[in-house]
Amino acid sequence: PQKRDTRRNMEASLTARDRVGIQDFVLLDAYTSESAFLDNLRKRFHENLIYTYVGTLLVSVNPYKDLDIYSKKQMDTYMGVNFFELPPHIYALADNVFRTMLSEFNNHFILISGESGAGKTEASKKILQFYAVSCPSTKLLNNVRDRLLLSNPVLEAFGNAKTLKNDNSSRFGKYMDIQFDHRGGAVGGHILSYLLEKSRVVHQNHGERNFHIFYQLVEGGEEDLLRWLGLERNCKNYRYLVQGDCAKVSSINDKSDWKTVQKALSVIDFSESDTEHLFGIIASVLHLGNLKFEADARGYATIKNNQETHWLLGIPNQVLQQGLTHRKIEAKTEEVLSPFSVEHAVYARDALAKAIYGRTFNWLVNKINESLVNQDSSRKMVVGLLDIYGFEVFSVNSFEQFCINYCNEKLQQLFIQLTLKSEQEEYELEGIEWEPVPYFNNKIICDLVEEKFRGIISLLDEECLRPGEATDLTFLEKMEEKIGGHPHFVTHKLADKNTRKTLERGDFRLLHYAGEVTYCVVGFLDKNNDLLYRSGKEVMQHSKNAIIKHCFPSSEPDNKKRPETVVTQFKNSLVGLTEILTSKEPWYVRCIKPNESKQPAKFDDVLVRHQVKYLGLMEHLRVRRAGFAYRRKYEIFLQRYKALCPDTWPNWKGTPAEGVRCLIKHLGYKTDEYKLGRTKIFIRHPRTLFATEDAFQVCKHQLATKIENCWRGLMARKERERRAWAVKVIKKFIKGFMTRNQPACIDNSEYLAYVRQNYLTRLKENLPKSVLDMDSWLTPPPILKEVNELFMFLKNSPCYIVWMLLLLQLLLKAQTSSMFKGKKENYPLSVCRPFVDTRIALEDINLKVLQTIQHEHLKYGVPVVKYDRNGFRPRLRQLIFTQEAAYLVEETKIKQRIDFTSLKGVSVSNLSDNFLILHVTCDDIKQKGDLVLQCDFLYEALTNLSFIADKQSCVKVVQGSVRFDIQPGREGFVDFKSGQESMVYRAKNGHLMVVSVDRKSNS
Ligand SMILES: Nc1ncnc2c1ncn2[C@@H]1O[C@H](COP(=O)(O)OP(=O)(O)O)[C@@H](O)[C@H]1O
Ligand SMILES: [Mg+2]
């Protein structure tokens, strides 16, 4: 929580607080008022501001329209920007999670909750898209990225359906891991799916549809394919598609969705035969649904004659006929076939259809997972996305709703535990006393459902497994008997007179944390048993379809050992999920549905108020506010408000904590309005902060006027100076030319240097073929008398050492030239500056440092400015090269040693700044990363470095931007551009911006 808070910039949102409500509910003064909460949400919603924070939790209200806030441009805006500097956004949250992961090297998950149609799935897709765009990109990574993205349309086709609540309702729970390498590249993924609502395959309520894929196939499938599958292009012909009476939905384009799915399947490694088999199954389910039975003379079911059954997965007619109309019973020594009634056969048929579809769905998820496997098994970090079916209440609610709502209870429970825990931890860490917060704990409902022996799940299983005549009604009676007195449970029989009117005889009602839901017990036992008669399974083993063969292996344990019931399986999978989640850092997105009619710009107060209540937003806010609305690191608080107190302005000499103490004393904070923690100040009421902020705004205004005046004067002075300088330079050049033949003096020194530069440049390109070939040296211009004389001298004297020295200097310059000439803008200026041996005299190096590194032979030293890896604050340092390594020295301390063997390279820009970035290899995350330096003697230093380290080719001149490792696995950027004035600052996107004056246009 600490780290995250430093990313917060509540202050930025303070200024906007009156215009569009507040961006963070934590700053709501009336934080216990639901109406104030609602007012703020409504105000923002009507301005298309659908996102609002409660601390680090994001509230999102479904706009039901395309807002232009999801563009690529928006993503760029939010990339790497301090969390709260921009308006709240799902991208800001995603980015913050990502960055926290990279800096803390840990795993995270984003829990997206809200009722059906509130925008969970859309939110999860936006997060995924954001990562796809913002992650580092290579060919390999792009491949993984595309698969991650495209797994979505496939899973939605098979797992989503139109319901009354949502035209694209997820009918399964989905937890997706996105795996990142230590640089933040997406390297893999994994999907876990939870309890698919299989009953939808065979039955849909009025106004609802079956899973999208059926309609996509019938509407979008190519003629050939349909003919091959024996399908007609008319949904009305299939019993499994007509019950809801709404095959066509205006918001859904099955035809184009079909194309999307086709394309996606090919990207995620589905072979042609995979897809053939897959759609063979989808078609077979439709055919199966149309299978009719009739009673024979004895009243037993037979498949009606003349039905085409050969479409059904290549199963011989005979086998199918027997399997669907009989049940195998094991008698003492032999198996006997017991015939079904027609009703029973229909039931068996539907059970088979559900089983086929359900198992195929699992196969599909596994298949997608295979294609998402992280090929490189190195250490990875994950961000998990949980998009699970939201709390659901229909007019009739059945077993599925019971499971879905139970799942939501569990997640709410987890949410309570985690938020309370993290808040409490922060208080402890800061040494502040924890003040307990009253909140509704839904544990009582979780227990009611899942408690061993006494919970509803146990009772249901008991009824399913016990011998004798168990029915849905006996299950109801058992519940009445065992949990009758529970405050969150009521039935027709147990209810008082008024409540009884609202309940049917076969109903039971649970008072969920999110509201009351009345469940109809009919079908509970069947759905929980999910019986697939053994004969049905055996039928499937005759199939020629590879997927079916895989899904119904012959080695499956048979009926003797009862498989776990559906609800128990589900309960166990939720236990697993909770384990997965609790091992990670939680983040929350709470989605809210503004109205029931899926309309934009409609804000139904009652509906929203209800969600605000049950999503626990008020409680979360209360927890966040438990005493303290606002908390901030001392440094940051002081930095912003120091101008408000003469003692802290402009600079505070002591510790930040003392500075804050001094500041708030001056501001007159009352003792009960704040608390001082170990690293942070906690402020109880927003109004205290608002007052401080207002004072700051006034002060800033006054300051701004003052600064503006000074600035204008300064600029005018600068301009005058610049012109005067230009006149001087031109004059000097002319004078130099006129006096070029005179002995070196102040008038011609610069001019001569320029001529010398020219000569050296030419010389480098025309070096003698052999060093002993004294005659072919390029003749120096007459004015370079000293060179001329030296040459004469060398020719006549065998003084080898002097010769070598000269050659060395020349070679050095030639080396510099080859590295930078024509590449870096200010290179020409450097040439006339003679190189010296070192820029730091031995006595200017601290003795202690000297003692440590002396044995490596000091070669060269130069003062540099080092930019902090995190805040990019400039620090003065010495850069010293020995025979073996480069040292960054701060007075008495060696801050970093870079062995030349681990020096990967050096980057400089092509512009006229004097920045250099030393790239180092390091695998150990504790090690320091690359160095960002500024050096006045850039060319000299680099030329020396390249000679000493013997790395002539390691210097790279780059354009635009340099990526570097802040520390292993955490990247930073230095951006270069030219401008009117040279500047170095930390840009909004977190990069270090280096602006240098354009030498070309200025010369
Ligand atoms: N951020 C959004 N912007 C625009 N429309 C949205 C947004 N979120 C949701 N919707 C609309 O609402 C519908 C339901 O959203 P969905 O995410 O499927 O709900 P849930 O997964 O919570 O059931 C979507 O199909 C879409 O039309
Ligand atoms: Mg959904």
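For ligands, and for the atoms within them, numbers begin at 1 and follow the listed sequence. The structure displayed is predicted, hence computed values, not measured ones.
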- request: Please test K120 against E115 for salt bridge (charged side-chain N to carboxylate O under 4.0 Å, His left out), starting from the C-alpha separation and ending with a verdict.
  value: CA-CA 8 Å; K120 297 180 297 295; E115 65 188 64; over 6 Å; no
field: Side-chain heavy-atom pair F25, L28 within 4.5 angstrom cut-off
entry: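 F25 reaches L28 side chain to side chain.
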task: Output the set of protein residues with a heavy-atom contact under 4.0 Å to ligand 1, ordered first by chain identifier and then by residue number.
output: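 Around ligand 1, where the cutoff is 4.0 Å for heavy atoms, the contacting residues are N62, P63, Y64, K65, Y70, E115, S116, G117, A118, G119, K120, T121, E122, K126, N166, N168.
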message: Can you list everything that forms a side chain to side chain contact (heavy atoms under 4.5 Å, CB included) with K198? Sequence neighbours excluded, please.
response: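 K198 satisfies side chain to side chain contact (heavy atoms under 4.5 Å, CB included) with L196, K354, D530 once adjacent residues are dropped.
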- prompt: Listed by chain and number, what are the side chain to side chain contact (heavy atoms under 4.5 Å, CB included) partners of P88, not counting sequence neighbours?
  reply: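 Applying side chain to side chain contact (heavy atoms under 4.5 Å, CB included) to P88 gives Q23, R44, Y51, Y53, L58.
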message: How about NZ on K613, more than 12 heavy atoms from neighbouring residues, nucleotides or ligands closer than 6.0 Å, or not?
response: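 Counting neighbours around NZ of K613, 12 or fewer heavy atoms of other residues, nucleotides or ligands fall under 6.0 Å, so no.
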query: So Y131 and F98, would you call those rings parallel, tilted or perpendicular, with 30° and 60° as cut-offs?
result: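 Tilted.
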Aromatic plane relationship, F524 with F508 - under 30° parallel, 30 to 60° tilted, over 60° perpendicular: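 Geometry flag for F524 against F508: perpendicular rings.
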query: Does F158 have its ring centroid less than 6.0 Å away from the ring centroid of F361?
result: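 Ring-ring flag for F158/F361: false, centres at least 6.0 Å apart.
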message: Tell me the closest heavy-atom pair linking N210 and Y240, and the distance in Å.
response: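 N210 and Y240 have their closest heavy atoms at ND2-O, 3.0 Å.
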query: Under 2.8 Å from the Mg ion (ligand 2), how many protein N, O or S atoms can be found?
result: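 My tally for this metal is 2.
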